[in-house]
Amino acid sequence: MDLDYHALAPELVVAATILVVLTLDVVLSRPRKYWTAFAGVLGLAVAAVPLLTLAFGDGPETRSMLGGAYVVDGFSLVLKAVFIVGGYLVLLMSVSYIESDRYYQGEYYLLMLTSILGSLVMASSRDLITLFVGLELVTGPLFLLAGWRKGSAKSNEASLKFFILGVLSTAILLYGMSFLYGLTGSVTFEGIREAGADLLDSGAFRLAVLFTLVGFGFKVTAVPFHFWAPDTYEGAPTPVTAYLSVGSKAAGFVGLLLLCYKALPSVTEIWGPALWVLAALSMTLGNLTALRQDNVVRMLAYSSIAQGGFILVPFAAAAASNDAAVIQEAASATIVYVIIYAFMNLGAFGVVIAGARRTGSTMIDDWAGMWRYAPRLAVLGAMFFFSLAGIPPLAGWYAKFAMFLSILRPGNAWATTLAVIAAVNAVIALVYYARIAKTMWMDPVPEGATHMAEATGPLSGSLTLALGISAIFVVVAGILPFEFAGVFADLAKVVTTGI
Amino acid sequence: MVLTQFLILGALLFSIGVYGLLSRRNAVTVLLAVELMLAAVNINLIAFEAFWNTAAAHGQIFAIFVITIAAAEVGIGLAIILMVFRNRASGNIDELDLMRW
Amino acid sequence: MTFSDWIAEPVNWAFLAMAIPMVVAALRVVTSRNVVHAALFLVLALAASAGLFILLSAEFVAWVLVLVYIGAVVVLFLFGIMITRAPIGRETNLSHDTRWPAAAAALGVFAVTFWLINGVTQQIGGFGDPLPAVGRATPTGILGEGFINRYLIPFEAVGFVLLAALIGGITLARKDLTPAEEEEGARV
Amino acid sequence: MVSAVASATLILAAGDGAAGDLSSGGFFAETAWIMLALPFVAFLAIIVVGKRMKGLGAELAIGAMGVNLLWASVLFVQNMAGGIYREVNLTIAEIGTLGITDKNLAFELGFVVDGLSIMMYWVVAFVGFLVFVYAHGYMKGDVRVPWFFASLSLFAGSMLVLVGAPNLIQLIIGWEGVGLASYLLIGHYWEQKENTDAAVKAFMTNKVADVGLILGTILLAPTLGSFRFSTLSVAADIHDGALEGVAVAGALLLFFGAMGKSAQFPLHVWLPDAMAGPTPVSALMHAATMVTAGIYLMARTFPLYQQMATAARPWMVTIAVITLFVLGFLALVADDLKRVLAYSTVSQLGYMMAAVAVGGYTAGLFHLFTHAFFKALLFLGAGSVIHAVHSNNMSDMGGLRKEMPVTFWTFVVGSLSLAGVIPLAGFWSKDEILATLGHEGYTAFMWVAILGAFVTAFYMTRAVVLTFFGTYKGQGHPHESPRVMTAPLVALAVPSVIAGLLNIPGVSWGPIRNFTDWVGARIVPMGDYHPKAIEWDLAAYGLIAALVGIAVGWRLFAPDADTQQARDRLQVPVLYPLLHRKYYLDDLYMKGVVNPIKGPLARAVDWVNGYVIDAIINGAGAGTAWLGGLVYGRLDQQGIDLLLNAAAGGTRGAGGKLRLLQSGKVQQYAGAFVGGALLLVVAFVLVT
Amino acid sequence: MAWFESAGLSLIVFLPAVGALALFAIPKAREDAQKWLALVTTGLTAVLAVAVAANFRYGASEKFQFEVSESWIPAIGARYHVGVDGISLPLLVLSAVVTVLAVIYSWDHWEEPRNVRGFLALMLLLATGMNGTFVALDLVLFFIFFELVLLPMYFMIGIWGDSAKRHIPVLGRTVTMRLYAAIKFFIFTLFGSAFMLLGFLALYFRSGDFLGHNTFDIPTLIALGSQNAFGSGTFAFLVFGAMFLGFAVKVPMWPFHTWLPDAHTAAPTVGSVLLAAILLKLGSYAFLRISIPILPDMAREWAPFIGLLAVIGIIYGSLACLAQTDIKRLIAFSSVGHMGFVMLGIATMTDVGFNASLIGMVAHGLITGLLFFLAGSMHHRYHTREIARLGGNQKLMPWMGGILAFTAMASLGLPGLAGFWGEFMSLLGAYRPLAGLSLSQFQTYMVIGAIGTVLTAGYMLWMLQRVNLGEPKAEWSDHEFHDVEPTEWLAWAPLIVAIVAIGVYPRIVLGATTDAVVNLARNAFGG
């Protein structure tokens, strides 16, 4: 066993945190259960430390262990950072939400941390088995968390729908993977890459690739594999939804990235057009559908479908060219988008959580005139929503910019067409994002809303912290993309060279 | 014995699972259908393993992971079904239409 | 290889002996009007597949399947069925009206995969040949080594999956206690 | 060509002053810009402090004009003695090369002091000064005296900028400046809608004409590489045949501009309406100075017409003759005294234009010169009457010769001068125009012009008779105007009588020479025709026409000047309605052009904006929203139902459909999932 | 003053943004302090802008000065590259100065719901976007600033705009103007700029073919453009078209203009002023800064089309004005016509035409800005913008009426005031467009444009007649009207002075621009 404990440290810390939370949950009496939250948050913070030491300690080198089955390199470090920071923010948002009701706190954090652990595993996986198990580790707890509001019929439904479609997607994914393995004789990405090049013309291989993609398409809510998302997002506890739309979705993209760039770079002809179609469909249908939503969570669900489409665009770009530089740029565009999307979408959900507490509703119309009684929240809301819409100088612009950059680079007609579709969609998206801003800023306060707002009092500290972190990121990264805190600059290079 | 026969058997099983998944009303039976699909995956994996016949036995290991995960999922699924049942006194999934629009 | 060649091999008789009941059982799983019967047909199908595994020299997997599935999972199913009080007698409405489209979809899936599988065995050399591994059992040690060496991380991860499923499942499935009851439970 | 002109201009620019045998003038020529600037100073000063002054700012305006008059007089005398030429240009911007010239085209401001401009300076200053003085009395007690004098000063300044312009750009600035002042002063009593209507009409008519001026400038300037008149003159002198096309087009466009300001048919319609302004305004702007700007422009660009754009002449002279003849008739039916004078002005401007158009540079300018005196005199006289009777209408006047002797006698002098009775100024100038027309071969037009002289005399007689003879028909007791108003009348009567003597053909008055010599002091020789001796036969025809006109007028109106019959005597069928409706031109413009644009066309565009262009946009927006609803409602949430329903064969009928809609949500999602995967595989495996 | 050379422009750009942040350090109730802070910030910015103009080397106005180029987004090679040349200098100064005036005007003009701090902060943010656009020399930077103006303006219109209802044909709905206008403005502009961005990126990629590395640097791309590197094929066509969409919407050119009347009408006074005075210029400026020098051959091919849309805009805008019943909407439509002249100048592809567009932009900024100030102040007093209900304004408020008349005259292009030069030079350019363009076509444009000046005069005079002249309506008889107030004087006087000064001495603007545009035309089209 050639274990590199330094490289494994983040996972180990998270795993240890899970056990600590488990223990605390058993030991602590009910009023003290918030310590589990504290432990979880602290654990994630500690897990970030080895990330930094790995990244900057002796340079971002590639650390491979267990015969190449598990690799820690720039690519995985960046993504792990996203998962840990994103998870950290979700936990912060969860605190008051989970505390405020009779939810099972200890178990909640345990499941959440387990899911985060799964995403860490995925980021380092370099074979189908690890990838698959990691994915299940991400998803399994989420099936349960989606139904965490046990008393709510909506939550039950969310959970069941998510679960049934989830296992369906797992089955399809596995069926595809079985062929991937079967036709190449290898479960490692490297082996698949080497053998796959000769299988380009094999229909069964194509089936294998496409079924595997479909499995991940479920995670990233690509149309038409998205149907579970709106119902689940709406029904699940909002912090869980936030995590679903960010962490779990990012995990899906990690799977796609690994699959497309590490395992199947030689057969772009297979997955490129498929992802082109999924990207176009997701952007267009997601946006069009989001136009008609009255519930802010549901709207964010469709928006997240559309954003998923945007994130898929660079894949199509990579497939449209054989140039290594183009492919690298496409990969980094996806990663950049995922990073920025994580922060802004989490911010948006933070606003939703806070706004729902303020108004007692997630219906957009009930948020009318919010800036009069909750100006800071309204400012933050406008910031995150317009960032999602890609309006400079908020960070979202750079995500879209990088996406456009990648899709235009190949310069062929298909790629350019997709760019135009994306451009039109960017405009459509503005409509519903601006609609929320409009409601919060420009509509009169409905009767009685102010009293309710006064009654609920100020935001909890942890939620404020989460919103603050997201907001600072969204602004700073928008003005100085890639220079934020000077941290990611080097890693970004690794991203582009590591694949 | 050739590889094809197992693959076709797997495909048959997988398709039957698909049919069950799409047509069954009861959540538990839907879950049963999924188990059929996973069984198809396992047949594929083992058949391919036999075909490649490598020393490392990746296919079998994969199959064991699949079985384990499937078991965990059944547990999760039944827990969810149970919870739904507590609230609704019904195991039929087609009555889940709160969020129709 | 023609069908007559194929059928001449005794091992294929064994294959058919397991495959045909398996398919029939699978069909019954998805068509049975009784949930319990459906679950029991699943046992049959899985048992048949375990038999096939043995035929393919994957004994360990076969026994895992028997133990885990037939021994645990199906029991779990039966518990689930009973707890949710799904009617144990004959049921008339287990399937709903979507069964024709569902059948169409399933047929579509099968047709496509069948066609592609045929294609691959004809196009690519080796895929159509008799399976080499038959009759040569895989040493279980290799599997064990795989689990604690190359697949250590997923092995551990599966542990966490099970842990999460266990804890989460219990949390979701259990009847909520009132705070008062809980206090009492804590004291006990 | 461009280079030839450029080099010629360069020679000129080197001197930036005298050319040929002309002197560069002295101090007063050098600092002539002060004349141009003074009225603007007065304008600003009146706006700021006018209200608090004793004379409500009139003294500032009068003072400025007084200084100007002195200044202009000095220059006038200097130029009499020997020609002056001085041109000063200050570049206010370089604007680029248009890709055709070596150096940047430049916008310039400056002033030119030569025979033409000195004459104009003096006329503007002289008439202006007298009118200002007159107005000081006339406007006493008006609602906004300071603003009135400020506007007058603005006008005077703009007019001087115009006539002093050494280039087309500055000319345009002055041109539109006087237009603005005209607009402001016509609409001086802007509480009444008819006044503002008249002001807008004046502005708009001129604006239409200005299109010609601006386009003409645009045509000529890039060709020449400069906006300067001196360059234009030199270029015309060089006469490159290749440029004749541009020259003719440019000349016609400039002429179109002049038609507006100088009220040539059919753009004259604004001038009679402009009488809505206070009478001093009519006297100064709408008789003596502003309306002559078009003539001035023709004179300023005269070498162009004389040397290159001769092809444009027939068109121009035709317009001018129509103006002088046809529009004179309108004065016959007007009851408003000022309108009679206004139509007379239009007609006289036609004479000037006809002269300039056929090459009678001196003749046209001389008529401009004399006309300024007697027409200003007539207007001021009319103002004096109006001041007394508080009405513009001759039907409210009559018999005023006894009550208002000074006004009466000066008015008669003016009328006779206008009618062209020897030896008054109008006779000489009109005669020279007739002679020029004849000499240049426009004989038919000459006879029309002579006929026009008859009409002139006829309507002026009518006006004098109806105003001053018979008995008074108005309200109250009219009395002679104060000295401040009668003094300018007398001062104007003098040149109205004697000015003609300055340009008797062939007569040169020693050191002060002849009018021809004064206005001929230009950078290049004008090469125009002016008679060397009096053509007595022609003079006789003109004189006879005038005298017959007076006689007929007297005969028709004098015996029963008091009665309605006299006034109605001209109401002959066909002709009268035609004249009364002003040849229906106003109707044509309003009903044929303005109203359709303001009404249906503007509304149509607004409709297009709202219902077509914006509708497409809104439609796209609504369509997207609708599509969103469709995608969400039908496809995302229901589509699978429909799909499955269709696949199910629809055998179960409506009830079955309803049941389908209510069931199996999750399976529908799953179906879409499987279906999507299947489609992907089919599309990218089987098809490709 | 080396520091000024290097930091001057950045200060002009970012000082307002810093001011916007600093505003939130002041408690909400202390409105005076907030106003003073905003005034000092924008005032300082304007002083700096004027200082830049004072230290500008006019002899070398075709060169970028006060240039700064720093690393910004190394991953894509986008740099923080700013600088001014003769083309951008007048617009930069205009932008900085008008912002101060807007702050001064705001001093005692607040729309409901009153929120001094928020409004000022948006205004300052807007200033950063506007100033930044005019100095950006990197396509990405340009894009950021170009878009940065959207958010503040969206909120300005949406929150403080006109709450009147308006029935929208086709949509079949009655909408609240401010909401409708805000989102319309936003979507239109974003739609255009999405395509503009695609165009930028395409340039970026193609530049690599010539340089070996891809670049967003505008001067570098211009250098490539002057060698006609991008040619006139499909690529250039699409890129030009994409950028055209972005810029034309912003200008706005017919038929992309329909956001403008709604936005201008609905916006609060200061919003309308900034919108008209500065924001519209971003588009036309971008043509001169980006489209034409980088893709000259394509510009030449597009020129007749641009010219056509421009003259349609001139006529269409004027005719639409004649049909308006709302004074602000009338002024808004007049912008369509005036920007038509600006675009006609650009379409001629001559130095004179470019000059025309630049001085036209400055003049339109001053004049229409002032007109919107006036319309706002009148609305403030009459509480209506219905032309039919006004009348006799000259009598009720002589100074206000006088300034309105003055501005209307300037707007209709009276020679001697700023508005004339742009119109005149556009027509002059159209008479002799770039060699190779159809003479007869452009001369037709010239004639139509000239007719447009008549229509312009027509609606302006008609507006004056109905608003300013005549007797006041009976409904105002017992109203107390106060004439122009001190803050209004302070805000307007500089504009009035500038309109006259530029009218009499256009070198104030053209002195900076001429060498630059001559150089631009020469580099782009040779000769």
Seminar exercise, completed: Separation between CD1 (A/Ile407) and CG (E/Leu201), nearest 0.5 Å, reads 11.5 Å

Exercise. So which part of A/Val420 gets closer than 4.5 Å to some heavy atom of chain E, the side chain, the backbone, both or neither?
Worked result: both

Exercise. At their closest point, which heavy atom of E/Ile73 faces which heavy atom of A/Pro481, and how far apart are they?
Worked result: CD1-CG, 3.3 Å

Exercise. Should we say atom OH of E/Tyr80 is surrounded by more than 12 heavy atoms from elsewhere, each under 6.0 Å from it?
Worked result: yes

For this session: Tell me, for A/Trp397 versus chain E, whether the close heavy atoms (under 4.5 Å) come from the side chain, the backbone, both or neither.
Result: side chain

Exercise. Looking at CZ of A/Arg376 and CZ of E/Phe24, how far apart are the two atoms once the value is rounded to the nearest 0.5 Å?
Worked result: 10.5 Å

Seminar exercise, completed: If one checks every heavy atom of A/Ala426 against chain E at 4.5 Å, the contacting part turns out to be backbone

Seminar exercise, completed: Between the CH2 atom in A/Trp441 and the CD1 atom in E/Ile159, the distance rounded to the nearest 0.5 Å is 5.5 Å

Seminar exercise, completed: Okay, A/Leu394 and chain E: the region with an atom under 4.5 Å from a heavy atom over there is side chain

For this session: Please round to the nearest 0.5 Å and tell me the distance separating atom CG of E/Leu150 and atom CG of A/Leu430.
Result: 8.5 Å

For this session: Just do the ring pair (Phe, Tyr, Trp, His ring centres under 6.0 Å) check on A/Phe404 and E/Phe195 with the steps written out, would you?
Result: CA-CA 11 Å; A/Phe404 279 123; E/Phe195 285 94; 9.2 Å; no

Seminar exercise, completed: Rounded to the nearest 0.5 angstrom, the CD1-CZ distance for A/Ile479 and E/Phe14 is 7.5 Å

Exercise. Non-hydrogen atoms of chain A under 4.5 Å away: do they reach the side chain of E/Phe205, the backbone, both or neither?
Worked result: side chain

For this session: Classify the angle between the aromatic ring planes of E/Tyr154 and A/Phe386 as parallel (below 30°), tilted (30 to 60°) or perpendicular (above 60°).
Result: perpendicular

Problem set entry | Rounded distance [0.5 Å steps], OG in A/Ser332 versus CD1 in E/Ile76 | 10.5 Å

Seminar exercise, completed: Counting heavy-atom pairs under 4.5 angstrom with chain A, the leader among E/Ala78, E/Pro113, E/Ala182 is E/Pro113

For this session: For side chain to side chain contact (heavy atoms under 4.5 Å, CB included), just list the numbers for A/Thr416 and E/Leu198, CA-CA rounded to whole Å, side-chain angles, deciding distance to a tenth of an Å, and then say yes or no.
Result: CA-CA 9 Å; A/Thr416 311; E/Leu198 296 187; over 6 Å; no

Exercise. Tell me, side chain or backbone of E/Phe155 under 4.5 Å from chain A's heavy atoms, or both, or neither?
Worked result: both

Exercise. Heavy-atom distance under 4.5 Å to chain A: side chain of E/Ile183, backbone, both or neither?
Worked result: side chain

Exercise. Would you find more than 12 non-hydrogen atoms of other residues, nucleotides or ligands less than 6.0 Å from A/Trp414 atom CH2?
Worked result: no

Exercise. Top residue by heavy-atom pair count (under 4.5 Å) with chain E, among A/Arg409, A/Arg372, A/Lys400, A/Arg435?
Worked result: A/Arg409

For this session: Take A/Ile391 and E/Leu190, measure what side chain to side chain contact (heavy atoms under 4.5 Å, CB included) needs, and give me the verdict at the end.
Result: CA-CA 9 Å; A/Ile391 306 296; E/Leu190 197 75; 3.6 Å; yes

Exercise. Checking E/Ile144 against chain A: side chain, backbone, both or neither under 4.5 Å from a heavy atom?
Worked result: both

For this session: Could you tell me which portion of E/Arg178 (side chain, backbone, both or neither) has an atom closer than 4.5 angstrom to a non-hydrogen atom of chain A?
Result: side chain

Exercise. Do E/Leu148 and A/Pro393 have side chains that get closer than 4.5 Å, going by heavy atoms?
Worked result: yes

